[in-house]
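In what follows, a structure is listed as structure tokens, so that the remarks can point back to it.
Within every chain, numbering begins at 1; the chains are lettered A, B, ... in the order of the sequence lines, protein sequences first and strands thereafter.
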Amino acid sequence: MAGRMCLNLLSRESSFARRGSSRDRSSSRPNSPSGLSRAGGLVEASLYYARSQSKSLSKRCFLAMPAYHFQRIEAKWRAYWERNKTFRTPDYVPGKPKLYVLDMFPYPSGEGLHVGHPEGYTATDILCRYKRMRGYNVLHPMGWDAFGLPAEQYAVRMGVHPRETTRKNIDNFRRQIQSLGFSYDWDREIDTTDPEYYRWTQWIFLKLFDTWYDPDFVWTDEAGRTIRGKGRPIAELPIPEGVDDVHSYRDARRLAYRAQAPVNWCPELGTVLANEEVIDGKSEIGGHPVVRMPLNQWMLRITAYADRLVEDLELVDWPRAIKDMQRNWVGKSEGAEVDFPLAEGNRAGGNPVARREWSATPDDGTIRVFTTRPDTLFGATYMVLAPEHALVERITTADRREAIAAYRHAASLKSDLDRTDLSRTKTGEFTGAYAINPTTREPIPIWIADYVLMGYGTGAIMAVPGHDERDFAFAIKFGLPIRRVVAASLDQADSPLGAAFVEAGIAVHSSNDSVSLNGMDTNDAKRSITAWLADRGLGRKAVNYKLRDWLFSRQRYWGEPFPILLGEDGSIRSVDETELPVLLPDLADFKPSGRPEPPLGKAVDWVRYSDSYRRETNTMPQWAGSCWYYLRYIDPHNLEAPWDKTLENQWMPVDLYVGGAEHAVLHLLYSRFWHKALYDRGLTSGPEPFHKLVNQGMILGETEYTAYRTESGKLVSADCVEDLGGGLSARIGSEQTIVHAIKVESEHVIKQGDAFVLASDGSIKVDARAHKMSKTRGNVVNPDSVVKDFGADSLRLFEMFMGPLEAVKPWSMKGVEGVYRFLGRAWRMIVAIEHEDVRLDPRVQNVEPTPLQAKITARTIAGATEDIEAMRFNTAISKLMEFVNAFTGFEIRPKSSIEAFTLLLSPFAPHLAEELWELLGHQQSLAYEPWPDYDPKHLIDETIEIPVQINGKLRGRVVVAAGLDREGIEIAARNDPRVASLLDGKTVKKAIVVPGKLVNFVVSEASPE
RNA sequence: GCGAGAGUGGCGGAAUUGGCAGACGCGCGGGACUUAGGAUCCCGUGCCGCAAGGCGUGAGGGUUCGAGUCCCUCCUCUCGCACCA
């Protein structure tokens, strides 16, 4: 039976298709928006229907013509916008305020777009379309972040040049993005791999190379802010007397410098990685192991800007979480540096803690430490050096040499992963040497241990086991003395320490013949002891950062070449600006060697610049291009400069920046750093690039129900299942059994209490959750298929209707159908469906709205406008739905209301709205039509319904005049029959009347009868 | 462990400053139109209850005439950081 039905349908469809195609030839342009012949509409529409929807929606009726044919409509208006350059943004329009709305540009992967991309893009597009109608000159560009590892890895795997794959991927991304009808100014499209783009990336690098940071320079910027510290031209760097090698002196102080540094080498990826790209000792991309090795690398001195990067977070309107992450990443901590003299130096005689001058670098006989708790100095009972610390070799005593060497060797083999991931059991070795605690003058043993990191502070610590958890654990393990020097109160000065007491408190047992901290609170104690140390040249206030300088070179092919020449004599020279861009040489073999020599070394002719200079063969990391792309959009075709300064001043800062939270500390910190360096050099007009930042939440796959089954087929309740690393297992009785996950359809699951269980067996709990979309899970939703089945407008609408933009939320195909139905209802509200051609529904008439209609229209305009301004697109859409629900019930639909609705709909579903706008008799695109207005008087009700409560419980409702006073409302409430009967015989102790809100009678429980 | 955020129907989610909990959509139930309906339209739908009514915003306590919203304690989940001295 079903089969026959199908056959019928198919034959009907194919006859339509035949008819369509014969007409097709005679009509000049089926997609021509201007050529929407009213008579041709039917044929055209059915042609599209039969062709493209037959598979997915074949059973949907199309006899009631013309239904909502999104494919015809969307193709038509995309072509219209493109042909008319509707969204081309003039550099400047007199009288129009500017608005710069930026999306994080995508990395064009081979996978194509996923539904997460259009989430942020739709949000910004809605806002841009809205603001254009509000009279703003809106800059809304798009481009491609196309250098980087994945393209190269893919190219290596497939044996195609990355230039080819990149071009193909960009074309595909552009096609997909354009299919969603975003109002980008495509004339401003940029591509970071375009030599005309990366020429300027190299140019900015040269600026960084030409800049040194003067931390004490106090200056006032154009906004009148006083700033301490400035990046200044290297030519202004003062060269001290007695410096012969000016070149080396300068090179060591540039913002871009070469240094031999221990780096994160990832053999699998064949490149070094920045600290930010290493997670738990593994590469962020791919999760490959990373080892530390010393290499000569390009570094960017981001640490010079650490303070300003933190302070200037005050200037921007960003989510608190992102600001916290950045602050955390910079990791500023204030404390003191303290010098501990080695005890061996003492043998020569003299006072080890005699008054002396503080030296910039500690001498051989001194271990310098950084501490945030100088107030606990009296409790330092031993010291620990990082295994890599330079002094270890020298101070280790002969009898400890072997053990120390073994420990250092073992530590060097450990990857960062081993050092952090393994249980926090402390290991270490005693060096045999002692240092002198400058406060107690006691000799204290010096250990090495890998819980002290060479990369932070001075690579050495004073260990205060009484007041630091790590030191406590170490002291317990190795039997080192633990001394209390802080107590919660004075009477606890001698109470034993069962664990480290790390909070602030009162200093105890902290005095010698020249200083006493006893009785001071922690803050005072810090100040006092720091002053005492400074006075003796033994210490000083100090600030430390977790932030490291940015490792900026990669041993890869697909990146920007450095505009740098290396001399035979080891000198470094920049390429002349006029020689930019330094083109990436064509290489047939661009595979990484697996060793730290970059593939560019294979371009022998390219490398050889002259007899005495060869080119730098490292390339820049992927972040380089994205650090400044927002500036290039402003002036994308400028051949003379990266951007015109007047234009920069006019457009910057970016007013709204929308993208994923995964860039919280990488891209967003790096680009702020570049922007500040450019600012210091007078190249940008403000200190911060992005004023308001919004992170869209991740879109998860559809909610899945998972049950668990043992290998013998027995079902196991989900709360017994645990993941013990290797795989899933369940505890049944006393036995541990391997289990497997099986997918359960939602109709076989019911809710019981707060858990889901199998409908067939309530004792078997089932996991219900949405997972991240991934290829392996097979839950990835392809926007192309959504566009094909439901149209771009439906996709856009659903992306916004799912929930708040910032929230993580699961995808739902049913939800897409829901908004698709809404668009269909909107269409049928305006378009006559009983005719064969596309024409206005006769109920849409040029008449005055009724008071009710005027009220609904005004409310919809007011509500939707407010919601769009606040980026609450989900509730804005629900208000449009309410409008449609109301107006489809009206037999007469005033054109003015219908037009207002169409304009309100247009930012969300622009294709459909343009089509309706044309149908309503307008010749031009609605893109610049003024946003609908309303008379506020329609928002005010003449009568309102007020809830009446008795003892806080809703007992009735009364309708009263809107402006009625308290007494009037109370009388009305008392007169409500139901309320009156409930109040009968009871004593009203109090009547709370909130005009316009509610009435609450407080009555005594017992009635005095 | 530290930091941030979030827990509301079967599901996604609404709910100015404390003032009618559950807008809107999905799903589900019923009906209409139909040869047919996975189209469309109409009605219903937090839970318990025949009803009257009662109970309901993770749990417990508090403030208040009144708490999803404010305060305290706890639980769960998500994200970020994680031996940073």
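B:G3 and B:C72: their P atoms are spaced 15 Å apart (whole Å). Nucleotides B:U45 and B:G9 are separated by 10 Å at their C1' atoms, to the nearest Å. B:C24 sits 13 Å from B:C42 when the P atoms are compared, rounded to a whole Å. B:G56 and B:C48 have their C1' atoms separated by 10 Å, given to the nearest Å. For the C1' atoms, the distance linking B:A4 with B:A51 amounts to 50 Å, nearest Å. Of the C1' atoms belonging to B:G66 and B:C75, the separation is 27 Å, rounded to the nearest Å. For the C1' atom pair drawn from B:U16 and B:C26, the interatomic distance equals 28 Å after rounding to whole Å. For the C1' atoms, the distance from B:G46 to B:U8 is 10 Å, rounded to whole Å.
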B/S/- contact track for nucleotides 44-66 of chain B, protein heavy atom under 4.0 Å: ---------SSS---------BS
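Atom CG in A:Leu547 sits roughly 13 Å away from atom P in B:A82 (whole-Å rounding).
The shortest distance between the side-chain N/O atoms of A:Arg821 and the OP1/OP2 oxygens of B:C26 is below 4.0 Å. The side chain of A:Arg769 contributes no N or O atom lying less than 4.0 Å from OP1 or OP2 of B:C77.
In this model, no donor atom of one side chain and acceptor atom of the other lie less than 3.5 Å apart for A:Tyr451 and A:Thr425.
Side chain of A:Tyr451, nearest nucleotide from B:C24, B:C83, B:A4: B:C83. With B:C20, B:A85, B:G19 as the candidates, the nucleotide lying closest to the side chain of A:Glu945 is B:C20. Proximity note for A:Asn885 (side chain, C-beta onward) versus B:G25, B:G19, B:C83: the nearest is B:G25. With B:C83, B:C20, B:A39 as the choices, the nucleotide that has an atom nearest any side-chain atom of A:Pro947 turns out to be B:C20. Residue A:Leu954 has its side chain nearest to B:C20 when only B:C20, B:G27, B:A85 are considered. Of the listed nucleotides (B:A85, B:C83, B:G19), B:A85 has the atom at the smallest distance from the side chain of A:Tyr456.
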Could you go through nucleotides 28-30 of chain B and list every protein N or O atom that sits under 3.5 Å from one of its N or O atoms, giving the distance for each pair?
none

Restricting to nitrogen or oxygen on both sides, can you table the protein-nucleotides 8-17 of chain B pairs closer than 3.5 Å?
| from | atom 1 | to | atom 2 | distance (Å) |
| --- | --- | --- | --- | --- |
| B:C11 | OP1 | A:Lys751 | NZ | 3.0 |
| B:G12 | O2' | A:Met802 | O | 2.7 |
| B:A14 | OP1 | A:Asn874 | ND2 | 3.1 |
| B:U17 | O4 | A:Lys997 | NZ | 3.3 |

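Under the rule for a ring-ring contact (aromatic ring centres under 6.0 Å, His included), the partners of A:Phe798 that lie at least two apart in sequence or sit in another chain are A:Trp811.
Between A:Arg955 and A:Phe1001 there is no side-chain heavy-atom pair separated by less than 4.5 Å. Under the 4.5 Å side-chain criterion, counting only non-hydrogen atoms from C-beta, A:Phe908 is not in contact with A:Val819.
Applying a 4.0 Å cut-off to non-hydrogen atoms, the residues of residues 322-331 of chain A that approach RNA chain B are A:Asp324, A:Met325, listed by residue number.
Counting only Watson-Crick and G-U wobble pairs whose two distances sit under 3.5 Å, RNA chain B takes part in these stems of three or more pairs: B:1-7 with B:75-81, B:10-12 with B:24-26, B:27-32 with B:40-45, B:46-48 with B:53-55, B:58-62 with B:70-74.
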